Participant: 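A single structure is presented below for examination.
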Amino acid sequence: MGDALILGAGIMGLSTAFALHEAGQRVTVVEAGPVPNPLGASVDDHRLIRHAYGDASGYMRMVEAAYPVWEALFDAIGERPYAETGVLALSDGAGAGEGWFGASRRALRGEGHGVEDLSPDRLAARFPWVRPEGVAEAFLAPRGGVLMARRIVAALARHLEGRGVTFRRARVRQADPARARLLLEDGHVLEAAQLVLAAGPWAARMVPGLAGRVTPSRQIVVYLEPPAELREAWARAPMVLDLAADGGFYAVPPVAGTGLKIGDHRFSMAGDPDDPREASATERDAILALALPRLRDAARYRVAEARACYYDVSEGERFVLEPLSPRCAVMSGFSGHGFKFGPLLGRAVAAALGDPVRMAALPGWAAGGAAGWDVAA
Ligand SMILES: Cc1cc2nc3c(=O)[nH]c(=O)nc-3n(C[C@H](O)[C@H](O)[C@H](O)COP(=O)(O)OP(=O)(O)OC[C@H]3O[C@@H](n4cnc5c(N)ncnc54)[C@H](O)[C@@H]3O)c2cc1C
């Protein structure tokens, strides 16, 4: 039996630990914070999974591959913290079909995914919380939903610990990819046959070669309480994506006891993941300004909470899954869209370690290259 060290107990590190453990390896996960770590990119009430991906069709196809791997993980952990909501995409018509909205709709139809166009009138009739003024086009895709991120991370960690994976709470000072070693802040050195570095927004500190390629980005999320008469409709709502090249917003419906959350997909490319996480009034208001024009009775929503999260952004939002040595791989650059792929990427990294042919194919596939690579095999 081989052994492996994993730095980071976010969804990437835990998913890789899961796959390596299933493959019979003895696994140790090293994590500086508690598990789940509320400061990590993986930990909030929810993360979205959806096929709508603009013109990034490699990632759209990867979503199809991700679903069965999620199901296998849910079977293993004995719960299914997932709510299928469908996807409602909105557009103000700018870009005349060339933007994210048009590209997503074309790609979805091209691959045989069901997409229902909604006129602004039908939109308002079906979803009473939408303010249709200013919406030129909308479509509804039935698949896609909300992964209960914190619950998943907690359940997966419990599952792994119960099956003999070792969790070590320690801060890593330095990683040595060539020797698959971690030097801890307390002076201890850990070594294994294989090493995986999955440090989320702290990645560039652990892997100097990532500096300049991957940037931590402070992102604000705002939790809202809808007016009482809209609560029931919101509880049955799809996720809302109103994205454009220069931003837009997303809304996560309040499923399974979670809150209604809004955020944006513009990258601040600023801040340090060790900074305080309280959002300023200016940060909060910038998110509200994007979302409130789309909500009927917007003034009657109450802000329950606004806070900052961090993720690591790479050029073109392309994932960085790369070998650093024959014994070490790094997982980074998830650019605010990695959670949905966690178990799939973990399985891919586990399969590639020790298999030079797979390892050579890993970076291009993970970067969204459409070339099929049957990682699930
Ligand atoms: C606001 C927001 C919204 C998002 N929305 C979505 C979405 O809708 N859909 C989607 O698919 N994805 C989404 N994402 C992205 C997704 O959550 C991330 O891509 C994913 O969680 C990254 O996981 P990770 O394991 O790489 O990082 P993390 O969860 O950050 O895990 C890294 C871990 O490494 C530990 N660590 C770092 N350095 C050290 C060290 N030196 N020593 C020991 N431990 C260390 C950290 O403590 C941390 O726990 C979103 C992210 C954010 C922040």
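Owing to the predicted nature of the structure, the values given are computational and were not obtained by experimental measurement. Values below: every heavy atom of this structure, side chains too, minus hydrogens, waters and symmetry copies.
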Participant: So if I apply the side chain to side chain donor-acceptor pair (under 3.5 Å) rule between His265 and each of Glu317, Gln219, His337, which one comes out positive?
Facilitator: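 Going through the options one by one, the only one that passes is Glu317.
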Participant: Output yes when a side-chain donor or acceptor of Tyr310 lies under 3.5 Å from a complementary backbone atom of Asp272, and no otherwise.
Facilitator: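 Yes.
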Participant: Yes or no on side chain to side chain contact (heavy atoms under 4.5 Å, CB included) for Glu84 and Tyr82, after CA distance, side-chain angles and deciding distance?
Facilitator: CA-CA 7 Å; Glu84 180 98 342; Tyr82 173 66; 2.4 Å; yes
Participant: Are Ile6 and Glu31 packed together at the side-chain level, in the sense that at least one heavy-atom pair is separated by less than 4.5 angstrom?
Facilitator: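 Ile6 vs Glu31: side chains apart.
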Participant: Once salt bridge (Lys or Arg N to Asp or Glu O under 4.0 Å) is applied, what residue pairs with a partner in residues 107-132 remain, sequence neighbours excluded?
Facilitator: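 Sorted pair list: Arg61-Glu111, Arg105-Asp117, Arg109-Asp117, Glu116-Arg122, Glu116-Arg126, Arg131-Glu133.
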Participant: Donor-acceptor pair, distance only, cut-off 3.5 Å: does the side chain of Arg296 make one with the backbone of Trp129?
Facilitator: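 No.
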Participant: Quick one, Asp274 and Trp202 - any side-chain contact, counting heavy atoms below 4.5 Å?
Facilitator: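 In contact.
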Participant: Hey, what do you get for OG (Ser42) to CG (Leu147), rounding to the nearest 0.5 Å?
Facilitator: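 Ser42 atom OG to Leu147 atom CG measures 11.5 Å (nearest 0.5 Å).
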Participant: Of the non-hydrogen atoms in Ala170 and Val30, which two are nearest, and what is the gap between them?
Facilitator: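 Reported closest heavy-atom pair: O-CG1, 3.6 Å.
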Participant: Is Asp275 salt-bridged to Arg218, going by a charged N under 4.0 Å from an acidic O?
Facilitator: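 Result for this pair is no, no salt bridge flagged.
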Participant: Where the side chain of Ser217 meets the backbone of Ser268, is there a donor-acceptor pair that is under 3.5 Å apart?
Facilitator: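 Yes: the side chain of Ser217 pairs with the backbone of Ser268.
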Participant: Atom CD of residue position Gln174 - does it have more than 12 heavy atoms of other residues, nucleotides or ligands inside 6.0 Å?
Facilitator: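 Atom CD in Gln174 is not packed in, count stays at 12 or less.
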Participant: Is a donor on one side and an acceptor on the other found under 3.5 Å between the side chain of Arg327 and the backbone of Ala193?
Facilitator: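 At least one qualifying donor-acceptor pair exists.
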Participant: Using 0.5 Å steps for rounding, measure from the CD atom of Glu315 to the OG1 atom of Thr215.
Facilitator: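 Separation between the atoms: 10.0 Å.
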Participant: Assess the residue pair Phe249 and Val222 against the criterion (side chain to side chain contact (heavy atoms under 4.5 Å, CB included)); give the C-alpha distance rounded to whole Å, side-chain angles, the decisive distance to 0.1 Å, and a yes or no.
Facilitator: CA-CA 11 Å; Phe249 77 100; Val222 179; over 6 Å; no
Participant: Within 45° of the axis and under 6.0 Å from the centre of the six-membered ring of Tyr53, does NZ or CZ of Arg50 qualify?
Facilitator: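 Here Arg50 passes the 6.0 Å and 45° test against Tyr53.
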Participant: Work out which heavy atom in Phe18 is nearest to a heavy atom in His159; give both atom names and the distance.
Facilitator: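 The pair with the smallest heavy-atom distance is CE1-NE2, 3.7 Å.
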Participant: Under 3.5 Å, side chain of Arg277 to main-chain N/O of Pro273, donor-acceptor pair present?
Facilitator: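 Yes; at least one donor-acceptor contact below 3.5 Å.
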Participant: Would you confirm whether Arg307, through its side chain, and Val221, through its main-chain N or O, come within 3.5 Å as a donor-acceptor pair?
Facilitator: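 Absent.
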Participant: Taking all non-hydrogen atoms of both residues into account, name the closest pair between Ala251 and Ile262 and its distance.
Facilitator: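 So the two residues come closest at CB-CG2, 3.9 Å.
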Participant: Please give me the minimum heavy-atom distance between Val146 and Val252, naming the atom from each residue.
Facilitator: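 Closest approach of Val146 to Val252: CG2-CG1, 3.9 Å.
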Participant: Gln194 versus Leu20: any side-chain heavy-atom pair under 4.5 Å?
Facilitator: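 Gln194 reaches Leu20 side chain to side chain.
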Participant: Indicate the atoms forming the closest heavy-atom contact of Leu260 with Pro253, along with that distance.
Facilitator: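 For Leu260 versus Pro253, the nearest heavy atoms are CD1-CA, 4.3 Å.
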Participant: As a quick check of understanding, evaluate side chain to side chain contact (heavy atoms under 4.5 Å, CB included) for Tyr301 and Leu288, giving each step before the final call.
Facilitator: CA-CA 10 Å; Tyr301 282 67; Leu288 292 173; over 6 Å; no
Participant: Charged N to carboxylate O under 4.0 angstrom, Arg171 versus Glu185?
Facilitator: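 Salt bridge absent between Arg171 and Glu185.
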Participant: Does atom CD (Glu305) have a neighbourhood of more than 12 heavy atoms from anything else shown, all under 6.0 Å?
Facilitator: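 Counting neighbours around CD of Glu305, more than 12 heavy atoms of other residues, nucleotides or ligands fall under 6.0 Å, so yes.
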Participant: Looking at Ala256, is its backbone amide N or carbonyl O close enough to the side chain of Thr258 to form a donor-acceptor pair, meaning the two atoms are under 3.5 Å apart?
Facilitator: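 No, the answer is negative, given that no donor and acceptor are paired below the 3.5 Å cut-off.
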Participant: Answer yes if the ring centres of Phe334 and Phe339 are under 6.0 angstrom apart, and no otherwise.
Facilitator: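 No.
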Participant: Measure from the side-chain N and O atoms of Arg143 to the backbone N and O of His51, and report whether any donor-acceptor pair falls under 3.5 Å.
Facilitator: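 No, the answer is negative, given that no donor and acceptor are paired below the 3.5 Å cut-off.
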Participant: Testing the basics here: between Ala17 and Val29, what is the closest heavy-atom pair and its distance to 0.1 Å?
Facilitator: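 Of all heavy-atom pairs spanning Ala17 and Val29, the closest is CB-CG2, 3.9 Å.
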Participant: Would one find more than 12 heavy atoms of other residues, nucleotides or ligands at under 6.0 Å from atom CD of Glu232?
Facilitator: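 12 or below, so no.
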Participant: Under 4.5 Å between any side-chain heavy atoms of Pro34 and Arg169, yes or no?
Facilitator: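 A side-chain contact exists here, since the closest heavy-atom pair is under 4.5 Å.
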Participant: Could you tell me whether the side chain of Met239 reaches within less than 4.5 Å of the side chain of Val87, counting heavy atoms only?
Facilitator: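 Yes, side chains in contact.
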Participant: Under a 4.5 Å cut-off applied to non-hydrogen side-chain atoms, are Val240 and Val130 in contact?
Facilitator: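 Side-chain contact under 4.5 Å: no.
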Participant: Main chain of Gly333, side chain of Asp312: is a donor-acceptor contact present, judged purely on distance under 3.5 Å?
Facilitator: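 Confirmed, Asp312 side chain pairs with Gly333 backbone.
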Participant: Please examine the side chains of Met331 and Thr16, heavy atoms only from C-beta on, and report whether any two atoms are closer than 4.5 Å.
Facilitator: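 Yes, at least one pair of side-chain atoms sits under 4.5 Å.
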Participant: After noting the C-alpha distance and the side-chain angles of Arg181 and Leu195, does the key distance pass the side chain to side chain contact (heavy atoms under 4.5 Å, CB included) rule?
Facilitator: CA-CA 7 Å; Arg181 270 189 194 169; Leu195 172 64; over 6 Å; no
Participant: Ignoring hydrogens and geometry, is there a side-chain-to-backbone donor-acceptor pair from Ser104 to Gly54 under 3.5 Å?
Facilitator: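 Flag set: sc Ser104 to bb Gly54 pair under 3.5 Å.
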Participant: Counting C-beta onward and ignoring hydrogens, is there a side-chain heavy-atom pair between Asp44 and Lys261 closer than 4.5 Å?
Facilitator: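 Asp44 vs Lys261: side chains touch.
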